[in-house]
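Values reported hereafter were calculated over all heavy atoms of this structure, with side chains retained and with hydrogens, waters and symmetry mates removed. Each ligand, and each atom within it, is numbered from 1 in the order the structure gives.
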Amino acid sequence: MAGKFTFKIVIVGDAAVGKTSLVRGFIKEKFSTEYLPTLGVDIYYKQLNINGRVVDLSIWDIAGQKGWEIMHKNYFKGSDGCIAVFDLTRIKTFENLKAWILRVKEYSKPDIPCTILGNKKDLKISIEVKPSSIEKITKETGYPYFETSAKTGENIEEAFTTLVKLILSKHNSTHNLN
Ligand code: G3D
Ligand code: MG
């Protein structure tokens, strides 16, 4: 169907940074989900309309708190976009972010569009990650950065929509659809 797109988005980051909460916050009440036992992955589906273009998203989220060691390359394979999340209140999760981004690039494609999310913005007094450190990684990667809260819903829609727009523009330039 003309104007219809299907994109796979993966969400990565350390355990308990808020990946599942963010995905659920984005999908809201209308979500359908599927569990892939072979990969230990929950897949969420959502349809968006962006500037008249219908976009079907599948958002892949690691089930439970399992770490990289159980992750299969198939989790990343064929991804069109990535959401890389750290927890603003835990510096370690920020230090691990680069490694997550490298894995995504290695197992999907080096020029994959991504957004970086500093989550748990609502926990203001506990914030550990310095703005200057964040600025450094966003400059290095060129990825858009959002401070989000899965608790209040702040910036979740913006972060996901920005990623989908990036994927669409890359897709259009590759396929000359504009
Ligand atoms: P994960 O999927 O990355 O492992 P989860 O993370 O979405 O399961 O979230 C881990 C915990 O952090 C959850 O708490 C969740 O409610 C909390 N959390 C996620 N996002 C935010 C946020 O933006 N602000 C605050 N204050 N908490 C958040 P529990 O207690 O259920 O384990
Ligand atoms: Mg989770």
Side-chain angles (χ1 to χ4, degrees), residues 7-46 57-108 112-131 133-135 137-138 141 143-164:
F7 297 138
K8 170 180 171 179
I9 291 174
V10 287
I11 185 156
V12 297
D14 282 2
V17 294
K19 299 180 297 297
T20 302
S21 306
L22 288 162
V23 174
R24 294 194 168 181
F26 174 59
I27 308 267
K28 299 199 188 93
E29 73 281 3
K30 288 171 275 181
F31 67 78
S32 59
T33 170
E34 183 186 343
Y35 177 63
L36 279 194
T38 46
L39 293 182
V41 163
D42 286 314
I43 306 177
Y44 296 81
Y45 298 95
K46 186 174 171 96
L57 297 181
S58 64
I59 305 171
W60 292 48
D61 177 34
I62 298 292
Q65 302 287 310
K66 290 171 186 151
W68 163 244
E69 51 293 351
I70 64 100
M71 284 176 68
H72 200 279
K73 287 177 193 168
N74 285 339
Y75 177 72
F76 300 101
K77 209 165 128 188
S79 314
D80 299 291
C82 154
I83 305 231
V85 188
F86 68 94
D87 179 342
L88 284 162
T89 70
R90 284 186 295 142
I91 189 92
K92 189 80 199 147
T93 68
F94 178 73
E95 290 165 358
N96 288 335
L97 194 72
K98 258 193 197 164
W100 280 111
I101 292 172
L102 286 176
R103 275 170 208 145
V104 174
K105 289 179 159 204
E106 182 180 355
Y107 296 127
S108 59
I112 185 168
C114 292
T115 52
I116 296 176
L117 273 54
N119 190 43
K120 307 197 186 178
K121 193 188 176 195
D122 57 286
L123 298 175
K124 291 186 182 67
I125 56 157
S126 310
I127 287 180
E128 281 187 356
V129 186
K130 283 199 257 131
S133 313
I134 298 170
E135 199 183 333
I137 195 168
T138 53
T141 58
Y143 297 149
Y145 171 67
F146 295 89
E147 293 195 343
T148 55
S149 167
K151 194 168 180 187
T152 67
E154 186 174 351
N155 266 339
I156 299 181
E157 183 92 27
E158 290 79 357
F160 278 84
T161 313
T162 298
L163 177 64
V164 175

Options Gly118, Gly153, Ala15, Ser21, ranked by nearest heavy atom to atom 5 (P) of ligand 1, top entry: Ser21

For Phe7, ring-ring contact (aromatic ring centres under 6.0 Å, His included) partners two or more places apart: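 For Phe7, the residues satisfying ring-ring contact (aromatic ring centres under 6.0 Å, His included) (neighbours in sequence not counted) are Phe5, His171.
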
Element-labelled atoms of ligand 1 that are located less than 4.0 Å from some non-hydrogen atom of [X]:
X      : answer
Asp122 : 22 (C), 23 (O), 24 (N), 25 (C), 26 (N)
Leu123 : 26 (N)
Ser149 : 23 (O)
Lys151 : 22 (C), 23 (O), 24 (N), 26 (N)

Euclidean distance, Leu117 CG relative to Ile156 CD1, rounded to 0.5 Å: 8.5 Å

Ile116 CD1 to Leu163 CG distance, which is reported to the nearest 0.5 Å: 11.5 Å

Any nitrogen or oxygen of [X] lying under 3.5 Å from a nitrogen or oxygen in ligand 1? Just yes or no.
X      : answer
Thr20  : yes
Ala150 : yes
Lys120 : yes
Leu22  : no
Thr148 : no
Ala16  : yes

Does the [X] side chain pair with the main chain of [Y], one donor and one acceptor, at a distance under 3.5 Å?
X      : Y      : answer
Lys46  : Phe26  : yes
Lys19  : Asp61  : no
Thr93  : Asp87  : yes
Thr138 : Glu135 : yes

Inter- and intrachain pairs under salt bridge (Lys or Arg N to Asp or Glu O under 4.0 Å), touching residues 148-163, at least two apart: Lys28-Glu157, Lys121-Glu154

Backbone or side-chain N/O/S of Thr20 under 2.8 Å of the Mg ion (ligand 2): yes

